[in-house]
Protein chains: 2
Amino acid sequence: MSNQERGNERWCCSPVTGEPLSAEQATDLSAVFKALGDPVRLRLLSLIAAHAGGEACVCDLSGAFDLSGPTISHHLKVLREAGAITGERRGTWVYYRVLPETLQRLSAVLGPAPAVSTSA
Amino acid sequence: MSNQERGNERWCCSPVTGEPLSAEQATDLSAVFKALGDPVRLRLLSLIAAHAGGEACVCDLSGAFDLSGPTISHHLKVLREAGAITGERRGTWVYYRVLPETLQRLSAVLGPAPAVSTSA
DNA sequence: GCCTTGGTTAGACATCTGTCAATGTAGAAG
DNA sequence: CTTCTACATTGACAGATGTCTAACCAAGGC
């Protein structure tokens with residue numbers, strides 16, 4: 001089996017308790033987990049997600065950390081490249097927002113996830 | 001690790017879309033995400049979870065990788081220390097199994113929570 | 001006792017990662 | 001055009017991480 005293309009095979013999958021991940025699926029998913037595997041990035045993500053309007057500019061975020069601007073910028077880039085967030089420039093500021101489908105994918109893999117409404 | 005004050009404060013939390021994680025929660029959770037942030041470990045986890053009986057010995061696992069025994073052992077240790085799996089020796093073999101509550105905790109944080117109230 | 005098999009531990013080493021200071025860029029405001 | 005603010009990129013560096021080989025421990029079987 002497993003003639004996986006970038007379709008469902010590779011991106012969506014039953015929980016790990018179902019059948020084992022292929023090497024490709026694991027590589028793919030672990031890249032996102034890795035991005036979340038840093039306290040700063042995980043907090044950045046949650047700050048963005050929880051911010052009013054579902055988006056936040058860097059200026060809203062950097063105040064929560066004792067880190068330099070470039071470091072925050074670096075972490076945001078990692079999250080962006082992992083597909084966890086997107087950034088859009090509006091005027092002087094850059095607004096970030098979460099990409100829910102990426103997080104849902106992880107959630108689905110991890111577990112018996114709370115019954116999600118909108119089908120698979 | 002083990003006995004942290006398991007008041008819901010630190011261990012359980014609403015999805016990131018709810019309210020931002022505290023620094024401690026983020027540190028705690030990111031450690032587990034980090035453990036899953038490696039293709040080999042993620043596949044190990046899924047192989048264990050999907051194995052018959054919910055457990056697998058190292059001999060069942062190492063065949064799936066082009067890695068030395070010690071390397072597999074190292075990854076299993078990382079997963080164990082992150083609280084994702086446990087290992088138990090029975091006779092000659094060591095059997096590993098998944099700790100579902102850890103995975104569920106991650107899933108809960110990531111999850112868009114069943115459409116409760118879309119307050120934001 | 002002595003091997004053999006299954007697995008972990010200990011070092012060693014190259015690569016990756018998080019951080020910062022310095023510099024660069026995009027837009028707004030004089 | 002110049003300058004200021006908001007962010008990003010570059011380059012450097014210490015520390016973490018993944019991998020290996022070699023050595024070690026545990027359980028059986030001879």
Side-chain angles (χ1 to χ4, degrees), chain A residues 21 23 26-48 51 53 55-97, chain B residues 1 21 23 26-45 47-48 51 53 55-97:
Chain A
L21 297 168
T27 299
D28 210 52
L29 289 164
S30 67
V32 190
F33 281 122
K34 190 176 188 176
L36 303 188
D38 179 283
V40 174
R41 286 197 290 268
L42 194 54
R43 258 182 93 204
L44 279 171
L45 187 78
S46 83
L47 284 167
I48 294 169
H51 203 262
E55 63 182 13
C57 69
V58 181
C59 56
D60 292 324
L61 303 170
S62 51
F65 304 90
D66 260 344
L67 294 171
S68 69
T71 297
I72 299 294
S73 215
H74 161 69
H75 285 303
L76 288 170
K77 185 180 185 180
V78 172
L79 286 171
R80 210 182 328 121
E81 289 179 341
I85 60 175
T86 42
E88 178 202 357
R89 170 157 229 141
R90 286 207 301 277
T92 307
W93 296 274
V94 176
Y95 292 90
Y96 284 96
R97 67 172 55 238
Chain B
M1 24 184 179
L21 297 169
T27 299
D28 209 54
L29 289 164
S30 67
V32 190
F33 281 122
K34 189 176 188 175
L36 304 188
D38 179 283
V40 174
R41 287 196 292 267
L42 194 54
R43 256 181 94 204
L44 279 171
L45 187 79
L47 284 168
I48 295 169
H51 202 264
E55 63 182 12
C57 69
V58 182
C59 56
D60 292 323
L61 303 170
S62 52
F65 304 89
D66 259 342
L67 294 171
S68 68
T71 298
I72 300 293
S73 212
H74 162 69
H75 285 304
L76 289 170
K77 185 181 187 181
V78 172
L79 286 171
R80 211 182 327 123
E81 290 179 341
I85 61 175
T86 42
E88 179 202 357
R89 169 157 230 139
R90 286 207 302 276
T92 307
W93 298 274
V94 177
Y95 291 91
Y96 285 97
R97 65 173 54 238

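Order of the sequence lines fixes the chain letters, A, B, ..., with proteins taken first and strands second; residue numbering starts at 1 for each chain. Keep in mind that this is a model prediction, so the values were computed, not measured.
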Take the protein atom [atom1] of [X] and the nucleotide atom [atom2] of [N], then report the distance between them rounded to whole Å.
{"X": "A:Leu61", "N": "D:dA8", "atom1": "CG", "atom2": "C1'", "result": "15 Å"}
{"X": "B:Glu81", "N": "D:dT17", "atom1": "CD", "atom2": "P", "result": "11 Å"}
{"X": "B:Arg80", "N": "C:dG7", "atom1": "CZ", "atom2": "C1'", "result": "11 Å"}
{"X": "A:Arg89", "N": "D:dT9", "atom1": "CZ", "atom2": "C1'", "result": "13 Å"}
{"X": "A:His75", "N": "D:dC7", "atom1": "NE2", "atom2": "P", "result": "17 Å"}
{"X": "A:Glu88", "N": "D:dA6", "atom1": "CD", "atom2": "P", "result": "18 Å"}
{"X": "A:Trp93", "N": "D:dC4", "atom1": "CH2", "atom2": "C1'", "result": "12 Å"}
{"X": "B:Phe65", "N": "D:dC20", "atom1": "CZ", "atom2": "P", "result": "12 Å"}

If you look at every strand shown and take non-hydrogen atoms under 4.0 Å, does [X] touch a base, only sugar-phosphate, or nothing?
{"X": "B:His74", "value": "base"}
{"X": "A:Gly69", "value": "nothing"}
{"X": "B:Tyr96", "value": "sugar-phosphate"}
{"X": "A:Asp66", "value": "sugar-phosphate"}
{"X": "B:Ile72", "value": "nothing"}
{"X": "B:Arg41", "value": "sugar-phosphate"}

Passing candidate, side chain to side chain contact (heavy atoms under 4.5 Å, CB included) with B:Pro39, options A:Thr27, A:Asp28, A:Leu21: A:Thr27
Any side-chain N or O of [X] under 4.0 Å from OP1/OP2 of [N]?
{"X": "A:Thr71", "N": "C:dC20", "answer": "yes"}
{"X": "B:Thr92", "N": "C:dG6", "answer": "no"}
{"X": "A:Ser68", "N": "C:dT19", "answer": "no"}

[X] side-chain proximity, nearest of [options]:
{"X": "B:Lys77", "options": "D:dC20, C:dT9, D:dA8", "result": "C:dT9"}
{"X": "B:Lys34", "options": "C:dG6, D:dC7, D:dT17", "result": "D:dT17"}
{"X": "A:Asp38", "options": "C:dG18, D:dA8, D:dA22", "result": "C:dG18"}
{"X": "A:Cys59", "options": "D:dT19, C:dT8, D:dC7", "result": "D:dC7"}
{"X": "B:Val40", "options": "D:dA8, D:dT19, C:dT8", "result": "D:dT19"}

Is the shortest side-chain heavy-atom distance between [X] and [Y] below 4.5 Å?
{"X": "B:Arg89", "Y": "B:Tyr95", "result": "no"}
{"X": "B:Ile85", "Y": "B:Arg97", "result": "no"}
{"X": "A:Trp93", "Y": "A:Cys59", "result": "yes"}

Within 45° cone and under 6.0 Å: B:Arg43 NZ/CZ vs B:Phe65 ring: yes
B:Thr71 side chain vs B:Leu67 backbone, donor-acceptor pair below 3.5 Å: no
Of A:Leu67 and B:Ser62, the one whose closest DNA chain C nucleotide lies more 5': B:Ser62
